[in-house]
Every structure is written in C-alpha cells, then in structure tokens.
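Have a look at the structure below, then the notes.
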Amino acid sequence: MCGIVGYVGSRAATPLLLGGLKRLEYRGYDSAGVAAWQPETLAIRKCVGRLSALEQSLEQQPVAGTLGVGHTRWATHGEPSEVNSHPHTDCSGRIAVVHNGIIENYQELRAELERQGHKFCSQTDTEVIPHLIEAELKVGAASPEEAIRRALRRAKGAYALGVLFHDQPRTLYAARCGSPLIVGVGQGEQFIASDVPAIVDQVRRVIYLNDGEVVALRPEGVSISKLDGTAVEAKIQPVTIAAESVEKAGFETFMLKEIHEQPRILRHLLAQHGWQNGSVAMPDFGLGAPYFRKLNRMMVVACGSAYHTGMYGKLLLENFTSLAVETDLASEFRYRDPKIDPGTLVVAVSQSGETADTLASIRMAKSWGCKVLSICNVPGSTVARESDAVFFTEAGPEIGVAATKSFTAQQMAFALLALFIGRARNEVNEAQAQELLSDLQRVPDAIVYVLERREAVRKVADKHHDGPSSLYLGRRFNYPTALEGALKNKEISYQHAEGYAAGEMKHGPIALINEYLPVICLCTQTRDEVYAKMISNMKEVEARHGRIIALATDGDAAMPGLAEDIIWVPAVRDEFSPLVNVVALQLLAYYAAQARGTDIDKPRNLAKSVTVE
Ligand code: F6R
C-alpha cells in the first residue's frame, strides 16, 4: 500500500526520494508525489499513474532542496487523481504531509476544521492532518513537534506520516501508529521510509519506530518522543539485507527471480533447522518444551497466500501431532468469538509482517492470554515485534507483488514446526522424524528439476492462457495448493480462476465444465488414499469434455490417457508434494501472465503489503 520516503541532509532530496519510491513500487500504487523545501515555498509535484510520470514532471520543472518527502498512493478515500495524491498541505501551503494508513475519524475532524474556516481540496482522509497541525500551531503549540503530537492525539486510526514545515528548513518530522515506518540513520543525513528495501542502498543503520512515536530528524541526528511528549531513546539496529537482494539479478522480473530463489531458501531453512540431539534443531521460541507438551489447540490466522500456507500447516500439524488445529482468515477471525483460551497457541503467518487484519488478530489473541508465534519474513516488522515468538522464514525481500518464495518458505516452516512439536510431545519418534526430515531434504532438488523443465510449463500456458476462466482441483495436502495456484493465476494474469477441493466438484463447480474450460488437476499424492479419488474426479471432467491439465508425478502411467496436457514433477513424499507442485503452478501463472501481457511484478489494483483493513 502507500509508500513513504523522506530525506534531510546535504544532498539534493528529489533524486533520493524518487530512488526510494522506485524501490517501494512493489507495494502497489496509483499516483505519486513529492514535496521539497525551497527558500520561498514548499515545492510540490504530483502525478497520476506510474512514477515515470512524476520523474518526467521533475525533469521538466526540477525542484532543488535538501529536505523532502515522497509518496506513492494506493487509493482508499477518493479516486486516484492529482488532487487526491499526496503530499497534502494546510491552508497556507507551508505544512506538507504524506500519509500511509487511514484516519478513521476524518469526517468529524474535517467538519470541525471547516467550521473554523479551513479550506479542503481533496476527498482524502489525510488532508485533515496538515490542517489539524496548522490549527494546533495557531492555538499556541510550542513547537512543530508539539503541534504534531497534539494533532495525533485527536486522530483515530492508522498512520505513518512524513511532515515538512516551511519554517523548519533543516528538520523532517515523522510519526507512526499502526502503519510501518522506519528511520534510516546516515552520516550527516537521515531518511524515513516505509521499509528497509526502500533505502537499503543509502544506509546501513535503521531505527524501527514504535506505535505512538513522533520523530524529528535533523542532519546531525534524530530525537524521538511519545505522543505525551516523553522522550524515547533511539534503538539503532544494523540493516541485515544486502542492497543486491532488491535487484533483479538478470531476471526479466522480480517474480521470476524469486521463483528461482526457492531451492536456495529452502536449503538454507533446512540447514538452519537440521537434525540435532534427536530432534529438529529449533529454538523452543522462548516458550519451552513443557509449553508444547501441555498445549491442546492451535489456531492459525493469516490472509491471502499466507492463509493457504496456514491451511497446509494445519494438515501437517494434525498429521504429525495430536493437536486440534484450526485455520482462519485473519479478516474473519478478528470478528469471531472463537472461544479460545490461554491453552491455545495462535500462529500468525505473514510475509510482510504488516498486514492489518493479521495484526488485529494477534492483538486479540494476546488480549485473551494466548501466546502468539508468528511465521514472518521481515525482521523488525510489527508482527515480528508484537509476537511472543517468531519463526523467521529468511526468504529475503520479496518484491514481486505475488507471493512465491515467501509461500514455500512458510510451507517449509510449517513442516519443520510440525516435526519439532511432534518430537517435543513425543508423538513422532526419533526414527520417524529422521525419515521425514530426509524426505524434506529432497524437496529443494525436486524444485530445481521443475525449474529446469519450465519451457514445458510455458507451452501449456501458451496453449491455455486465452480462455476466460480456469479451474484448479486438488485434495488433502494439495487442496490448499489448488487454491494458491488459482490465486496466482488471477492475480498476475487476470484470468478468472477457481480453486476447489476436488471432492466438492459434484456439489456445484461441475456445472462449469465444458470443452473450453482448462481444469488443472493436482494428482501427485500417489501413495495417498485420495489418489484414486482424484483420478475419478478427472474422469468426471473428461466425461464432460473438460480440458484436463494434470500435474502428475514422473512416470505415472495413468496420466497420458486421461489428460490433454501433463506437467510432470518429480516424486517426493505426499505430505511435502505441495512445496514442489506450487512452483509448477507459479510458473504456469507466470507464463500465462506473460502471454496476456500484464504487468507481472505490479499487477493492477494490488498492494504488496495490506496495511489497512
Ligand atoms: C498473494 C499475496 C497476498 C498475501 C496477503 C498477506 O500472492 O501476496 O495474498 O499473501 O496479502 O500478506 P502477508 O503475508 O504480508 O501478511
């Protein structure tokens, strides 16, 4: 969602702002803007559409200045338009604000400010902030910082803010509550940004701001305070990601690069959590082995692709432990009364660690006295900081909007976690755990094999990409894989796709089948009782002249007579086949999107990090 970059120092601000905004493009946006301090005014440029339009406008009318803020907007309140783009200003144009989040009581605040004579020009919730700050300065706030604090004490909702004042030429102000914002600490210069990748080429030290903190950044240093004015000590931390990790490294898109990174990431996770003292090497997350022994229930909450991994995680945990496990969409869970008690471990799954619904679920679970373990990819993210324990997936920055490497890393995390908990509870014996772990070790090589055969997947995509719809069917461990395959397809190729449990076919979706509908059948669990059922479902599709694309295990003799096209994958243990199968489906969606000419890394309407509800 919206991206923020800010700079104060001695270099020209706008090129640095544009550079940072480009690195935030992956978050999704529909317009962009910058403000920079100039002796006579705060210069503001805004454009609808891609950053290249803003870049052109800045080339035609350059803006000097060594203090500035930039913003990419993902519209929530008000259509994408120049007037709704950020930065927004007060009546005098001498206070400029960029914002990520939603000010929930903006209508009430706006009405009050309008009654006082403030003039608004946009439909956004954000515009109340500069006017509120202006009003607080008028009624005697002692400093710009104090005016910001007073204004924010009145604002309800979520925000990450960057603020410029024309009469403060050496200070950039920022604040956060519920939306991500970090400070980049340099030598004689400081940055703010929505995340570390935005400024990873500029600084090696960062401060992760906490909710309710306001910061004043000057070239020589930063000072942080709480909304009540109490000073906060800045905790400076090193940047752990490399600048190259946010480059395409010769691939045509970030998504393709990230698909290819998967074997390495999974090998790394397996090496980190290999066999040690009769179990999977894993810290006990500060929860202690007795905690896992006493546990009676687990509740997995997540959104989107992370929810699909949660569904898979539930199956693994049920398979290898005696725990009752439930998975729910965080956006539903937060409005339920799930009757959970402190004996339930809540597992939150999130790549970004900033998803609003997942965070709300974590906060609810904690208020009920439950421990929260998160499976998260971004160190320093809000989910990671608010959880009692974190399993970091260590997949590195994921720039392509569609989740790929974070997805398989989460699947691997669940597999390792299930074995770890199974061992802790003595429900998996040592020999079984060793066997399972050695079966997991085969997964990265199997994925390499799928990647090497990508041209065969491309041929299938080229043949089937132009229809209006497609259906993905799977059972048991590969039911979540079917959902994820369909989600990947609709996200990046914009072709409508349905994922279904194959057993549900006769209860409705079979009506869709005709001689035009591609039906992707995940039929790799050859040792599982559901294999024969899956074959029966495929025969039902065949009988109705559906166009079967089978995802099948190398050498499966039943497939050639049944499917129009076959994507072969190497055999791995049934339980772990989703990690391999999903890579084939990522490629299928990728090549379909390429054939349909979409913007693969930045699909329309989508944001990488969904920081509002
Ligand atoms: C799909 C995708 C989204 C995310 C979802 C949750 O490709 O990326 O569905 O999985 O928005 O995001 P995180 O994992 O950051 O909480």
Side-chain angles (χ1 to χ4, degrees), residues 1 3 24 26-28 74 178-180 194-195 197 253-256 258-259 262 300-313 327-334 346-362 372 374-387 390-411 413-414 472 480-481 483-494 497 499 582-583 585-590 593 598-613:
M1 296 211 143
L24 288 176
Y26 75 95
R27 293 169 72 89
W74 189 87
S179 298
S194 295
D195 64 21
T253 59
F254 280 109
M255 182 171 173
L256 198 59
E258 286 155 8
I259 289 174
Q262 293 177 105
V300 185
V301 288
C303 302
S305 290
Y307 170 69
H308 297 153
T309 6
M311 291 173 72
Y312 171 59
T327 302
D328 202 359
L329 291 162
S331 53
E332 290 296 318
F333 177 77
R334 64 184 291 188
V346 172
V347 179
V349 192
S350 177
Q351 186 285 128
S352 65
E354 303 295 348
T355 303
D357 286 317
T358 310
L359 266 169
S361 301
I362 290 176
V372 175
S374 63
I375 295 178
C376 184
N377 197 38
V378 180
S381 62
T382 316
V383 164
R385 283 186 293 154
E386 294 199 10
S387 301
V390 190
F391 187 128
F392 283 112
T393 41
E394 298 187 39
E398 190 173 67
I399 309 291
V401 162
T404 51
K405 62 178 180 173
S406 65
F407 184 84
T408 43
Q410 287 162 0
Q411 289 180 313
F414 268 117
Y472 289 67
T481 323
L483 296 183
E484 177 62 8
L487 179 64
K488 286 290 87 89
N489 193 19
K490 56 191 152 201
E491 272 183 306
I492 61 167
S493 83
Y494 312 153
V582 78
V583 177
L585 297 185
Q586 291 166 355
L587 288 170
L588 188 64
Y590 186 88
T598 61
D599 187 348
I600 293 178
D601 279 338
K602 299 185 285 284
R604 69 185 179 205
N605 304 335
L606 289 178
K608 180 71 181 163
S609 177
V610 183
T611 52
V612 294
E613 197 177 342

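Just so you know, ligand 1 is whichever comes first in the structure, and atom 1 is the first atom listed for that ligand. Below, each value reflects all heavy atoms present in this structure, side chains not excepted, and no hydrogens, waters or symmetry copies.
Atom 12 (O) of ligand 1 has as its closest protein heavy atom Thr355 OG1, 3.5 Å. Given atom 6 (C) of ligand 1, the protein heavy atom at minimum distance is Cys303 O, 3.3 Å. Looking at atom 15 (O) of ligand 1, its nearest protein heavy atom turns out to be Ser352 OG, 2.6 Å. Closest to atom 14 (O) of ligand 1, if we only count protein heavy atoms, is Gln351 N, 2.7 Å. If you check which protein heavy atom lies closest to atom 11 (O) of ligand 1, you get Val610 CG2, 4.0 Å. For atom 1 (C) of ligand 1, the nearest non-hydrogen atom of the protein is Glu491 OE2, 2.8 Å. In this structure, the protein non-hydrogen atom closest to atom 10 (O) of ligand 1 is Ser305 N, 3.1 Å.
Under a 4.0 Å criterion applied to the non-hydrogen atoms of Ala306, ligand 1 contributes the atoms 10 (O), 14 (O). Within the listing of ligand 1, atoms 1 (C), 7 (O) sit less than 4.0 angstrom from a heavy atom of Lys488.
Side chains of Gln262 and Gln586 form a contact here, defined as non-hydrogen atoms less than 4.5 Å apart. Side-chain contact between Lys602 and Asp599 is present, with heavy atoms from C-beta onward closer than 4.5 Å.
Looking at Ala403 next to ligand 1, an N or O pair under 3.5 Å apart turns up. For Glu484, no nitrogen or oxygen atom sits less than 3.5 Å from a nitrogen or oxygen atom of ligand 1, counting backbone and side chain alike.
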*Mind running side-chain contact (heavy atoms from CB on, under 4.5 Å) on Lys490 and Tyr494 for me, showing each step along the way?*
CA-CA 5 Å; Lys490 56 191 152 201; Tyr494 312 153; over 6 Å; no
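Shown here for Ala497 and Tyr472, the closest heavy-atom pair between the two residues is CB-CE1, 4.0 Å.
Using a non-hydrogen distance threshold of 4.0 Å, Val401 registers as a contact of ligand 1.
In this structure, the side chain to side chain donor-acceptor pair (under 3.5 Å) partners of Thr393, at least two apart in sequence or on a different chain, are Asn377.
Residue Glu354 does not touch ligand 1, judged by heavy-atom distances below 4.0 Å.
Judged by distance alone, with hydrogens and angles left aside, the side-chain atoms of Arg385 form a donor-acceptor pair with the main-chain N or O of Gly380 at under 3.5 Å.
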